[in-house]
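One-based numbering, in listed order, for ligands and for the atoms of each.
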Amino acid sequence: MGTAFITGATSGFGEAIAKRFASEGHRVIITGRRKENLAAVSKSIQDEFKTEVLTLCFDVRKKNEVKSAIDSLTVDWKNIDVLVNNAGGAHGFGTIEDGELEDWDTMIDTNVKGLLYVTKAVLPLMKQSSNPYIFNIGSTAGKYVYEKGNVYCATKFAVDALTQAMRIDLLKKKIRVTAIHPGAAETEFSEVRFKGDKEKAKSVYKGFIPLNANDIADVISYCFNTPMHVNINELVIVPTAQASPFYFNKE
Ligand code: NDP
Ligand code: 8X3
């Protein structure tokens with residue numbers, strides 16, 4: 001059994017992925033900015049799975065915070081097997097003419113630079129692992145550009161490119177690298193995108209059954225538990241009612 005490091009584990013996919021690794025006997029390091037959520041997720045994992053949990057509260061956009069949080073791990077925790085780069089999200093939904101610069105900065109800083117800062121800090125701690133694995137959470141938005149998705153899509157295209165780059169650069173280190181590209185999934189994602197407008201967020205998932213966070217935990221677990229000579233390069237997972245970001249079968 002190993003140690004899994006999951007960013008953005010205070011809600012949505014990250015929380016479900018952390019619980020899945022814990023349920024399979026791994027100890028987990030969970031990260032995010034919301035301290036109270038980290039404490040609640042940690043307690044629920046310890047209560048349910050009786051496994052060790054360590055929380056690290058930091059903002060992935062701040063490289064010094066990322067580095068000092070990861071440096072602060074005690075020797076006992078400085079041996080990581082799985083890194084799940086999950087923290088991220090969409091901010092705003094507008095055309096190139098109407099989008100807010102601040103939202104664009106937030107998405108680029110979080111989804112691209114944050115993923116790089118965390119990876120750079122965690123990689124040296126994966127050296128001793130006998131089964132090292134990196135998952136990057138991309139999106140169908142990193143496969144197809146859609147109207148008003150512009151910068152969010154660009155950041156997820158970047159995640160796709162960086163996943164390919166990691167696979168090449170880390171080949172000799174025998175690190176498996178997989179991109180998971182989900183379609184529409186009901187988490188806090190749309191609430192964040194629509195800046196707390198719960199009604200608008202809910203309307204995104206009206207008329208069809210979206211993915212849920214456990215669906216993503218399932219595929220991560222599947223990939224991780226394949227034999228070590230197998231690498232699933234990428235996996236695109238969508239609701240049955242979604243053919244692409246534009247084509248839905250809504251009832
Ligand atoms: P949630 O909003 O539920 O979760 C996002 C997580 O990211 C939270 O734990 C949040 O923690 C963390 N996070 C966001 N910004 C930062 C930051 N600056 N520093 C540290 N942590 C941060 O959404 P999802 O679970 O849906 O999203 C997880 C990932 O999946 C994202 O990368 C998203 O782009 C991607 N995705 C989502 C899809 C969907 O439809 N839901 C589909 C495809 C991809 P906190 O706020 O506590 O910092
Ligand atoms: C989230 C899925 O279609 O809203 O990455 O971009 S989508």
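Proximity to A141 (heavy-atom distance under 4.0 Å) selects the following atoms of ligand 2: 6 (O). Of all atoms in ligand 2, listed by their number and element, those nearer than 4.0 Å to a heavy atom of Y152 are 1 (C), 5 (O), 6 (O). Within the listing of ligand 2, atoms 4 (O) sit less than 4.0 angstrom from a heavy atom of R193. Each of the following atoms of ligand 2 lies closer than 4.0 Å to a heavy atom of F189: 1 (C), 4 (O), 5 (O).
Geometrically, ligand 2 and S139 share a nitrogen or oxygen pair separated by less than 3.5 Å.
The closest approach between a heavy atom of K156 and any atom of ligand 2 is not below 4.0 Å.
Between E65 and Y117, the closest side-chain pair of non-hydrogen atoms is not below 4.5 Å. Looking at R33 and R61, their side chains come closer than 4.5 Å, going by heavy atoms from C-beta outward. Put simply, the side chain of M126 does not reach to within 4.5 Å of the side chain of L170, judged on heavy atoms. Side-chain atoms of V66 and I70, non-hydrogen and from C-beta on, do get closer than 4.5 Å to each other.
Counted by atom type alone, S11 and N37 present zero donor-acceptor pairs between their side chains at under 3.5 Å.
Linking ILVMFWY residues whenever their side-chain heavy atoms come closer than 4.5 Å, directly or via other members, places Y205 and F248 in the same cluster.
Taking the ring centroids of Y146 and Y144, they lie at or beyond the 6.0 Å cut-off.
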Note every protein N or O atom lying under 3.5 Å from an N or O atom of ligand 1, pairing the names and giving the distance.
{"residue": "ligand 1", "atom": "3 (O)", "partner": "S11", "partner atom": "OG", "Å": "2.9"}
{"residue": "ligand 1", "atom": "3 (O)", "partner": "E188", "partner atom": "N", "Å": "3.2"}
{"residue": "ligand 1", "atom": "4 (O)", "partner": "S11", "partner atom": "OG", "Å": "3.2"}
{"residue": "ligand 1", "atom": "7 (O)", "partner": "G88", "partner atom": "N", "Å": "3.4"}
{"residue": "ligand 1", "atom": "9 (O)", "partner": "G8", "partner atom": "O", "Å": "3.0"}
{"residue": "ligand 1", "atom": "9 (O)", "partner": "T10", "partner atom": "N", "Å": "3.3"}
{"residue": "ligand 1", "atom": "9 (O)", "partner": "T10", "partner atom": "OG1", "Å": "2.7"}
{"residue": "ligand 1", "atom": "11 (O)", "partner": "T10", "partner atom": "OG1", "Å": "2.8"}
{"residue": "ligand 1", "atom": "15 (N)", "partner": "R33", "partner atom": "NH2", "Å": "3.2"}
{"residue": "ligand 1", "atom": "18 (N)", "partner": "D59", "partner atom": "OD1", "Å": "2.9"}
{"residue": "ligand 1", "atom": "19 (N)", "partner": "V60", "partner atom": "N", "Å": "3.0"}
{"residue": "ligand 1", "atom": "23 (O)", "partner": "T187", "partner atom": "OG1", "Å": "3.4"}
{"residue": "ligand 1", "atom": "25 (O)", "partner": "F13", "partner atom": "N", "Å": "2.8"}
{"residue": "ligand 1", "atom": "26 (O)", "partner": "T187", "partner atom": "OG1", "Å": "2.6"}
{"residue": "ligand 1", "atom": "32 (O)", "partner": "N86", "partner atom": "O", "Å": "2.8"}
{"residue": "ligand 1", "atom": "32 (O)", "partner": "K156", "partner atom": "NZ", "Å": "3.0"}
{"residue": "ligand 1", "atom": "34 (O)", "partner": "Y152", "partner atom": "OH", "Å": "2.7"}
{"residue": "ligand 1", "atom": "34 (O)", "partner": "K156", "partner atom": "NZ", "Å": "3.2"}
{"residue": "ligand 1", "atom": "40 (O)", "partner": "G183", "partner atom": "O", "Å": "3.4"}
{"residue": "ligand 1", "atom": "40 (O)", "partner": "A185", "partner atom": "N", "Å": "3.0"}
{"residue": "ligand 1", "atom": "40 (O)", "partner": "A185", "partner atom": "O", "Å": "3.3"}
{"residue": "ligand 1", "atom": "41 (N)", "partner": "A185", "partner atom": "O", "Å": "3.0"}
{"residue": "ligand 1", "atom": "41 (N)", "partner": "T187", "partner atom": "OG1", "Å": "3.3"}
{"residue": "ligand 1", "atom": "46 (O)", "partner": "R33", "partner atom": "NH2", "Å": "3.1"}
{"residue": "ligand 1", "atom": "46 (O)", "partner": "R34", "partner atom": "NE", "Å": "3.1"}
{"residue": "ligand 1", "atom": "46 (O)", "partner": "R34", "partner atom": "NH2", "Å": "3.4"}
{"residue": "ligand 1", "atom": "47 (O)", "partner": "T10", "partner atom": "OG1", "Å": "2.8"}
{"residue": "ligand 1", "atom": "47 (O)", "partner": "R33", "partner atom": "N", "Å": "3.1"}
{"residue": "ligand 1", "atom": "47 (O)", "partner": "R34", "partner atom": "N", "Å": "3.0"}
{"residue": "ligand 1", "atom": "47 (O)", "partner": "R34", "partner atom": "NE", "Å": "2.9"}
{"residue": "ligand 1", "atom": "48 (O)", "partner": "R33", "partner atom": "N", "Å": "2.8"}
{"residue": "ligand 1", "atom": "48 (O)", "partner": "R33", "partner atom": "NE", "Å": "2.6"}
{"residue": "ligand 1", "atom": "48 (O)", "partner": "R33", "partner atom": "NH2", "Å": "3.4"}

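Protein heavy atom in closest approach to atom 7 (S) of ligand 2: Y146 OH, 3.5 Å.
Taking a cutoff of 4.0 Å between a charged side-chain nitrogen and a carboxylate oxygen, E100 and K195 do not qualify as a salt bridge. Contact check on E24 versus R20 returns no salt bridge, with no Lys/Arg side-chain nitrogen under 4.0 Å from an Asp/Glu carboxylate oxygen.
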